There are 2 protein chains.
Amino acid sequence: MTPEAPGPEGTRPTPTRRRPGGRTARIRTQVLDAVRAELGEHGYDGLSMDAVAARAGVHRTTVYRRWGDVGGLLADVLDAASDDDWRPPDTGSLEGDLAALNQEIQAALIAQPPIVAALIAASFRSEKAAHAQQRLWEDRYARCEIIVSRAVRRGELPPHTDARRLLIAATAPLYHQLVLLRTPPDPHLPGHAARTAALAAAASAFAEPPSASDT
Amino acid sequence: MTPEAPGPEGTRPTPTRRRPGGRTARIRTQVLDAVRAELGEHGYDGLSMDAVAARAGVHRTTVYRRWGDVGGLLADVLDAASDDDWRPPDTGSLEGDLAALNQEIQAALIAQPPIVAALIAASFRSEKAAHAQQRLWEDRYARCEIIVSRAVRRGELPPHTDARRLLIAATAPLYHQLVLLRTPPDPHLPGHAARTAALAAAASAFAEPPSASDT
């Protein structure tokens, strides 16, 4: 997932930049770049509408009118992060895909400046940021479901596999260790967590009964 | 883990109450009770030294002198939570123990008032609370290692099993879903996550090579 991970995002070099759009799109790019930079340098507590406006070189009334408050800025940074063409890694095996995915998540969570980590922290401060963070994770996990469907096609997994549950099992230890337990990054963790989920999947841990709509 | 979980804690009816100790211990009990009550009602943003002092019926200068700031109060609530005799559930099987543990964690994370959830959120605001939360989780996970050693004794797991990695795999999905992804509680999740970890463990996902110090 590069900095984007099913993790939060925001470290990407502004995918909005390539969009069509004139002055409005340009202002958004400048402002969101400024939010990321301020957040990376000062964290949530140092983030202010005025500092963002000054850094972006945009009039503060424009920033207030369009984003309302710091929560609105953070939410837009998070929403902008799913505005890309990110696809999960395709390595040819379930365990390989999950390990590569976890490497991207770990890299994003420990990146400097800690923008992804700061966005997650901000989601405990602002309802708007919390909802945007939820939307972003939903988008990332939905895109990752192809990892499971490819494994099903290759015959690595039974057809009725709960993709979301498998993806959560594979990625949750990364977030738990790095975001909540705050343990130092362990270079083996991405691979270990991937292998654990792949072994559990092979033992039918994520098998679902066929639903009535299936033929 | 009852409200205590390897999760954060604080909802317990003040284990400090039974301690020996005179006025100093009594004041601590009153103040920490007040912190939990204020946190449950108003969250971190509504927590103030003065409101805690007033609620506890303790002079504010005492609270400032002894706890310093809101971070100090939160850290002491978290430290007090490990001052109990909590033991993980003993159901007779690895999967049963993990499922019962996960039930306790889920119950703590969705409890009302949301004291455990508020303490986790506070750990993103206060360095002192973050460190105390880390100490509490470390204490809880260390106590849970007996789940794995019992399973090894029963022959359910190989002797060289990485207990911590197994416990993280079993419990991480609960925290990930409820604390970060903020999905509605799923009554099947505690059992599913336990079963996933137990299946992975049976497939040697957490096996460690024997260390040099072993005979």
Side-chain angles (χ1 to χ4, degrees), chain A residues 6-8 43-45 95 109 117-127 130-131 133-138 140-141 162 164-183 186 188-189 192-208, chain B residues 6-8 43-45 95 109 117-127 130-131 133-138 140-141 162 164-183 186 188-189 192-208:
Chain A
Y44 184 97
D45 284 313
E95 186 180 333
L109 291 174
L119 285 166
I120 295 180
S123 75
F124 288 93
R125 310 284 292 269
S126 151
E127 276 290 304
H131 289 131
Q133 179 70 71
Q134 278 181 284
R135 286 193 294 275
L136 179 54
W137 264 319
E138 175 56 35
R140 290 320 199 208
Y141 278 111
D162 185 330
R164 193 59 64 97
R165 207 143 57 72
L166 192 163
L167 292 166
I168 298 283
T171 58
L174 279 286
Y175 291 101
H176 195 48
Q177 298 262 30
L178 296 170
V179 179
L180 297 179
L181 305 184
R182 299 177 176 84
T183 45
D186 168 2
H188 300 298
L189 182 59
H192 274 156
R195 183 166 168 74
T196 298
L199 285 169
S204 300
F206 310 107
E208 286 188 317
Chain B
Y44 184 95
D45 284 315
E95 186 179 333
L109 290 174
L119 286 167
I120 294 179
S123 75
F124 288 94
R125 310 285 293 269
S126 152
E127 277 290 306
H131 289 133
Q133 179 70 73
Q134 277 180 285
R135 286 192 293 274
L136 179 54
W137 264 319
E138 175 56 35
R140 290 321 199 206
Y141 279 112
D162 185 331
R164 191 60 64 97
R165 208 142 58 72
L166 192 163
L167 293 166
I168 299 283
T171 58
L174 279 286
Y175 291 102
H176 196 47
Q177 298 261 30
L178 296 169
V179 178
L180 296 179
L181 305 183
R182 299 178 175 84
T183 45
D186 168 2
H188 300 298
L189 182 59
H192 274 156
R195 183 166 169 73
T196 298
L199 285 169
S204 299
F206 310 106
E208 286 188 319

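All chains are named by letter (A, B, ...) in the order of the sequence lines, taking the proteins before the strands, and each is independently numbered beginning at 1. Owing to the predicted nature of the structure, the values given are computational and were not obtained by experimental measurement. Computed from heavy atoms alone, side chains included, the values below leave out hydrogens, waters and symmetry copies.
- Interatomic distance, A/Arg182 CZ to B/Glu138 CD, rounded to the nearest 0.5 Å: 14.5 Å.
- When all heavy atoms are compared, the tightest approach of B/Ala200 to A/Ala200 is CB-CB, 4.1 Å.
- Among B/Asp45, B/Thr196, B/Thr183, the residue making the largest number of heavy-atom pairs under 4.5 Å with chain A is B/Thr196.
- Side-chain contact check for A/Leu181 versus B/Ile168: some heavy-atom pair is nearer than 4.5 Å.
- Using cut-offs of 30° and 60° on the angle between ring planes, the pair A/Phe124 and B/Phe124 is parallel.
- If you measure heavy-atom distances from B/Tyr44 to chain A, you find no contacts under 4.5 Å at all.
- For B/Arg195, no part sits under 4.5 Å from any heavy atom of chain A, backbone or side chain.
- Using cut-offs of 30° and 60° on the angle between ring planes, the pair A/His176 and B/Tyr141 is perpendicular.
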